[in-house]
Amino acid sequence: MSDPKRALITGITGQDGSYLAEFLLSKGYEVHGMIRRASSFNTERLDEIYQDPHIDGAKLKLHYGDLCDANNINKIMDNVKPHEVYNLGAQSHVRVSFDMPIYTADTVGMGALRLLEAIRDFMDKSGQEVRYYQASSSEMYGKVLEVPQSEKTPFWPRSPYSCAKVMAHWATVNFRESYGMHASCGILFNHESPRRGETFVTRKITRAVGRIKLGMQDKVYLGNLDAKRDWGFAGDYVKMMWMMLQMPEADDYVVATGRTISVREFAEMAFNSVGLNFDDHVEFDPRYLRPAEVDLLLGDPTKAKEKLGWEPETTVEELAAMMVEHDMELASREKTLKDAGHKLPEFTGHDQ
């Protein structure tokens, strides 16, 4: 019996990383994840993997590392000897990237370059092929030049995060063209889930819905309510990452639903699902506006459908319902603890 394929995932503790790890384990992979050292536990999104009786948790191994440390990346490559590398690690909050532009550029842009160089070096030494997936972003389109956006639409980034993603994207293309590496980019449009970080707008909304419904807060404060996004389910999108690396030839693909709605519409959908009036609980706060806004993102997933047979399985309505259901349960547990006298963090609705 041959050894299982080995995959290395940067950003494995994030939303996408945890769903991808589950998916690859279900395919029989040995999964290795790179995590940053922190003074508190930051692996809660992986708990479901360890608790799932159908998944062999022994095949999931974590390694301390950092995309800012080239020497460390090289050591992990030599130790893991992966067949596939998925680069999902990043400082991924667009608004925060304006406050931390240099760090964002170092982790997102230079981080991808360090990883690509480590892979190239490992392949030269070992003779083993390594296939690479780069998590590109719809934010690269920024001030969009056409609607919808496809693989051929020019980029016009509008944040330090998206500028860094453009660098990582073109570095991946360059390594593919220069060195013959099997390196693909997935240009993922917004993808959400109950595992989304609570500072991202969709999760901020659904967390507020649960707390407001149970009387734990009254308002939630949001920025640009008119911004439109193409929202899908992260669990659907990670399958596409894997599919790209199974193709004979590397290429770049837009991963999207082909439908866009505004932040306002998403919030209305979430509040209406529990019988609450959006207008009674949502307030505009200019602090959450970006210095340069991205008004409209709408992906054209035609290439992914035609070449790979991929289509999203979850509608935005189903996504919102899934997130609200999860966050209602979470708010209910919080309320039970609060009623029992446990001290919980105060949520003002301004938290981001």
Side-chain angles (χ1 to χ4, degrees), residues 1-12 14 16-17 20-21 23-25 27-36 59-90 105-137 151 164-188 238-253 255 307-308:
M1 186 175 179
S2 61
D3 291 335
K5 274 190 175 181
R6 291 180 299 277
L8 173 64
I9 304 172
T10 71
I12 194 171
D16 294 4
L20 179 61
F23 179 77
L24 293 178
L25 286 166
K27 291 283 185 183
Y29 279 65
E30 179 179 300
V31 176
H32 296 256
M34 194 170 84
I35 63 171
R36 287 177 296 171
K59 288 187 176 179
L60 176 63
K61 302 176 184 180
L62 303 179
H63 307 261
Y64 286 118
D66 196 306
L67 287 169
C68 296
D69 186 342
N71 185 54
N72 171 257
I73 294 170
N74 279 293
K75 287 182 178 179
I76 291 174
M77 284 295 304
D78 289 339
N79 289 334
V80 174
K81 299 177 174 59
H83 301 97
E84 298 173 2
V85 173
Y86 297 84
N87 184 27
L88 312 183
D106 197 21
T107 56
V108 177
M110 288 300 298
L113 191 57
R114 293 183 188 103
L115 194 52
L116 285 161
E117 271 289 277
I119 292 169
R120 187 166 73 95
D121 183 61
F122 171 76
M123 289 173 61
D124 286 344
K125 290 185 298 185
S126 68
Q128 175 184 308
E129 184 190 37
V130 180
R131 297 191 172 193
Y132 176 78
Y133 170 82
Q134 170 60 35
S136 294
S137 169
E151 294 82 4
K165 278 292 186 182
V166 169
M167 176 187 172
H169 178 92
W170 284 118
T172 303
V173 173
N174 182 252
F175 271 64
R176 180 171 74 223
E177 295 177 350
S178 301
Y179 307 115
M181 287 177 57
H182 194 294
S184 297
C185 299
I187 307 173
L188 270 62
V238 299
K239 297 176 186 177
M240 180 63 175
M241 300 176 187
W242 174 79
M243 292 171 75
M244 289 183 209
L245 297 200
Q246 310 319 303
M247 295 294 288
E249 301 292 333
D251 206 345
D252 307 320
Y253 298 88
V255 185
K307 291 193 69 173
L308 299 180

Open item on the list: Would the distance check show the side chain of N74 and the main-chain N or O of A70 forming a donor-acceptor pair, the cut-off being under 3.5 Å?
Closed with: yes

Open item on the list: Tell me the closest heavy-atom pair linking M244 and Y133, and the distance in Å.
Closed with: SD-CE1, 3.7 Å

Open item on the list: K307 vs Y253, test: side chain to side chain contact (heavy atoms under 4.5 Å, CB included). Steps then yes/no.
Closed with: CA-CA 10 Å; K307 291 193 69 173; Y253 298 88; 3.8 Å; yes

Task: Where M110 and M167 come nearest, the two heavy atoms and their spacing - done: SD-CE, 3.5 Å

Task: Chi angles and distances behind the side chain to side chain contact (heavy atoms under 4.5 Å, CB included) call for M241, L188 - done: CA-CA 10 Å; M241 300 176 187; L188 270 62; 3.6 Å; yes

Task: I119 to Y132 - nearest heavy-atom pair and separation - done: CD1-CD1, 3.4 Å

Open item on the list: Would you say that more than 12 heavy atoms from the other residues, nucleotides or ligands in this model lie under 6.0 Å from the CD of Q246, or not?
Closed with: yes

Task: Note, E84 side chain near Y29 side chain (heavy atom, < 4.5 Å) - done: yes

Task: Heavy-atom check, side chain of M123 versus side chain of Y179, under 4.5 Å - done: no

Task: Over all atoms of both residues, closest heavy-atom pair of I73 and A118 - done: CG2-CB, 3.6 Å

Open item on the list: Could you check whether any side-chain N or O of K61 sits under 3.5 Å from a backbone N or O of E30, counting only pairs where one atom can act as donor and the other as acceptor?
Closed with: no

Task: Test item: S184 side-chain N/O and D251 main-chain N/O as donor-acceptor pair under 3.5 Å - done: yes

- [ ] With the side chain counted from C-beta on, respond yes when N72 and Y64 share a heavy-atom pair under 4.5 Å apart, and no when they do not.
- [x] no

Open item on the list: When you measure from the side chain of H63 to the backbone of M34, do you find a donor-acceptor pair of N or O atoms at a distance under 3.5 Å?
Closed with: no

TODO: Looking only at non-hydrogen atoms, find the nearest pair between L308 and M240 and report the distance.
DONE: CD1-CE, 3.2 Å

Task: Test log, rule salt bridge (Lys or Arg N to Asp or Glu O under 4.0 Å), inputs R120 and E117 - done: CA-CA 5 Å; R120 187 166 73 95; E117 271 289 277; 2.9 Å; yes

Open item on the list: With a 4.5 Å cut-off on side-chain heavy atoms, are Y86 and L24 touching?
Closed with: yes

TODO: Could you give me the CA-CA distance, side-chain angles and deciding distance for N174 and L116, then say whether side chain to side chain contact (heavy atoms under 4.5 Å, CB included) is met?
DONE: CA-CA 10 Å; N174 182 252; L116 285 161; over 6 Å; no

Task: Full working for side chain to side chain contact (heavy atoms under 4.5 Å, CB included) between L60 and I12 - done: CA-CA 11 Å; L60 176 63; I12 194 171; 3.7 Å; yes

Open item on the list: Less than 4.5 Å apart, side chain to side chain, heavy atoms only: is that true for L67 and N87?
Closed with: yes

Open item on the list: So does A183 get a backbone contact from the side chain of R176, meaning a donor-acceptor N/O pair under 3.5 Å?
Closed with: yes

Task: Set of residues satisfying side-chain contact (heavy atoms from CB on, under 4.5 Å) with respect to D66, sequence neighbours excluded - done: R36, C68, D69

Open item on the list: Using modelled atom types and a 3.5 Å cut-off, is there a donor and acceptor pairing between side-chain atoms of Q134 and backbone atoms of I187?
Closed with: no

Task: N/O donor-acceptor pair under 3.5 Å between H32 side chain and K81 backbone - done: no

TODO: Of all the heavy-atom pairs spanning E151 and D252, show the shortest one and how long it is.
DONE: CG-O, 3.5 Å

